[in-house]
2 protein chains.
Amino acid sequence: MRYLIFLGWIMEIYKNEKRQSYLKEYSIAQLFSFPIEEFIEVHEYKRDEWIIQEGMRPDFLFYVIEGKAKTYVTHQNGKVSLINFINANDYIGEMELLHEVYNTKGIQTSTKTICFALPFHRYRAQMLEDAKFLRELTKFLSIKATKFSAKYSQSLAFPLENRLADFILQTADGEVYKEKHVTVCDFLGVSYRHLLHVLAQFCDKGYLQKEGRHYRIQQHNSLYELAEMLRNK
Amino acid sequence: MRYLIFLGWIMEIYKNEKRQSYLKEYSIAQLFSFPIEEFIEVHEYKRDEWIIQEGMRPDFLFYVIEGKAKTYVTHQNGKVSLINFINANDYIGEMELLHEVYNTKGIQTSTKTICFALPFHRYRAQMLEDAKFLRELTKFLSIKATKFSAKYSQSLAFPLENRLADFILQTADGEVYKEKHVTVCDFLGVSYRHLLHVLAQFCDKGYLQKEGRHYRIQQHNSLYELAEMLRNK
DNA sequence: CCAAAAATATGAGATATCTCATATTATTGT
DNA sequence: ACAATAATATGAGATATCTCATATTTTTGG
């Protein structure tokens, strides 16, 4: 169980030439049928900074230009769930765009992250009338819904062994698994202790070999078979 | 663990006056900016019939007019997950509308169900250009994504006790809980045995009292407190 | 560079949940 | 109306996962 710490508000807003150069280089004009650049803000967040704090409704629809972030929710029993990884070209705040009442999740960067911030009060009405924008947002949300429903049913139907094997293969850097345990146990929804326990089993069985804090994949195929069990019939 | 049985294909298509009367009485013209009625089919499915079989891509976007249905997925280990309850005014097949490649889930009715069936080949292109339709579909999907992500994180953060209390309060008919155990254990993702075990605990503690196959709620407040634990901070 | 905080690591006992076996009762198709 | 099937019910042992305790190592802020 972890507690999330507020690290302070140090987000930087790019102005003038710096702003212009980002708007030009990473133009998102093609996502809309109407001119979008005038009121876009370009925000830079440092590593581990909160883009949105849990429960604080944002005033912007964000579009991630570069960097990575995580969506967190805190439960009443003190447990924390990492419910999603966010990458470049993802939206943030689309739930609040669509719903007046919404339990806003916390968003924390895991690397320096640059976002376009589109003010709701300027653009909300036009966005909700724009078929081009809505079509892509619909696809984005449909993928999200599919992903969550898959994770949900898999988490209940399979032990950690299978889900961890899948996660290792998805995140391995070449043949080496390097993720931080504290992040992974929040993501896979298991205790730190149990995660380490199953990793140790994988080592015992020869699937992985520990190298300092990292793990080298020794039997890719065994992990693959465990992960494949998650796929539907 | 349950196995899903195919009960045969006996869906009925309403024609002529019967079709017309449904189109008139339950008009969905307001969901689109273009005329939609010409090629709509009106389908009636009997109780327990499959509207879509797992893995069989549908040719229609369905809109449920009356009745109830369930979305099922079968895992490789033989476990079955009931991932969603479908009611009147829900869409079915929207994933296939949006994605060429999609692992189609099975949809089975739990009561007689009547749907409007909108042929993809007639309407897909227009739908994907229609802001009015897309806006509502976006909301529908955003709610679905939120629901799944909540269920996911809750299922990992809380024992069955809390999730079952919530489910009982949500589905109770007045003060009596009447759901079928075999359905509920697929939905909550636990074994039949364990579901019965926790129900028995609730009876021991005096939260419920067994009445034949049903359970009368005796301590609403105790159940409520258990369920409230699921809400986020 | 140091103290504090965070992350890693491991043991041991508790508990939530699963699997399997076996009856009994209710529902369904013919 | 009866046989087959599905649903309910309960026991007992196995296992997946959690909690708590404690130690070591790494990272971080000032």
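Per chain, numbering begins at 1; letters A, B, ... match sequence-line order. Keep in mind the model is a prediction, meaning the values are calculated, not measured.
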To the nearest Å, give me how far apart [atom1] ([X]) and [atom2] ([N]) are.
{"X": "A/His194", "N": "C/dT17", "atom1": "NE2", "atom2": "P", "answer": "13 Å"}
{"X": "A/His197", "N": "C/dT15", "atom1": "NE2", "atom2": "P", "answer": "18 Å"}
{"X": "A/Leu160", "N": "C/dC18", "atom1": "CG", "atom2": "C1'", "answer": "16 Å"}
{"X": "A/Lys46", "N": "D/dG29", "atom1": "NZ", "atom2": "C1'", "answer": "15 Å"}
{"X": "A/Gln108", "N": "C/dA6", "atom1": "CD", "atom2": "P", "answer": "12 Å"}
{"X": "A/His214", "N": "D/dT25", "atom1": "NE2", "atom2": "P", "answer": "17 Å"}
{"X": "A/Glu161", "N": "C/dC18", "atom1": "CD", "atom2": "C1'", "answer": "15 Å"}
{"X": "A/Asn77", "N": "D/dT19", "atom1": "CG", "atom2": "C1'", "answer": "13 Å"}

May I ask you to say whether A/Asp186 pairs ionically with A/Lys180, meaning some side-chain N is under 4.0 Å from a carboxylate O?
->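 Answer for the salt bridge query: no.
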
Would you please classify the geometry between the [Y] ring and the [X] ring as parallel, tilted or perpendicular, with 30° and 60° separating the classes?
{"X": "A/Tyr207", "Y": "A/Phe202", "answer": "tilted"}
{"X": "B/Phe187", "Y": "B/Phe85", "answer": "tilted"}
{"X": "B/Phe60", "Y": "B/Phe62", "answer": "tilted"}
{"X": "A/Tyr22", "Y": "A/Tyr26", "answer": "parallel"}
{"X": "A/Tyr177", "Y": "A/Phe167", "answer": "perpendicular"}

Could you list all N or O pairs between the protein and nucleotides 28-30 of chain C that sit under 3.5 Å apart?
from   : atom 1 : to      : atom 2 : distance (Å)
C/dT28 : OP1    : B/Arg47 : NH2    : 3.3

Distance-only side-chain donor-acceptor flag, B/Gln20 / B/Asn16, under 3.5 Å |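 Per modelled atom types, B/Gln20 and B/Asn16 side chains form no pair under 3.5 Å.
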
Does a donor on one side chain and an acceptor on the other come within less than 3.5 Å for B/Glu54 and B/Tyr72?
->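 No pair is found: no donor N or O on one side chain lies under 3.5 Å from an acceptor on the other.
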
Find out whether the Lys NZ or Arg CZ of A/Lys147 is both under 6.0 angstrom from the six-membered ring centre of B/Tyr152 and within 45° of the ring's axis.
->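 Ring-cation test returns no.
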
Summarise how protein sits on nucleotides 8-13 of chain D as a single string, 5' to 3': B when a protein heavy atom is under 4.0 Å from the base, S for sugar-phosphate-only contact, - for no contact.
-> BBBBB-

Does B/Lys79 put a side-chain nitrogen or oxygen below 4.0 Å from OP1 or OP2 of C/dT17?
->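 The answer is no; no side-chain N or O of B/Lys79 sits under 4.0 Å from OP1 or OP2.
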
Short side-chain to backbone donor-acceptor contact, A/Asn162 and A/Leu226, under 3.5 Å =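 Yes, A/Asn162 side chain to A/Leu226 backbone: donor-acceptor pair under 3.5 Å.
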
Looking at residues 152-159 of chain A, who's got a heavy atom less than 4.0 Å off DNA chain D?
->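 Those residues whose heavy atoms fall under 4.0 Å from DNA chain D, taken from residues 152-159 of chain A in numerical order, are A/Pro159.
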
How far does CD of A/Glu96 sit from CG of A/Leu61, to the nearest 0.5 angstrom?
->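 The distance works out to 9.5 Å.
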
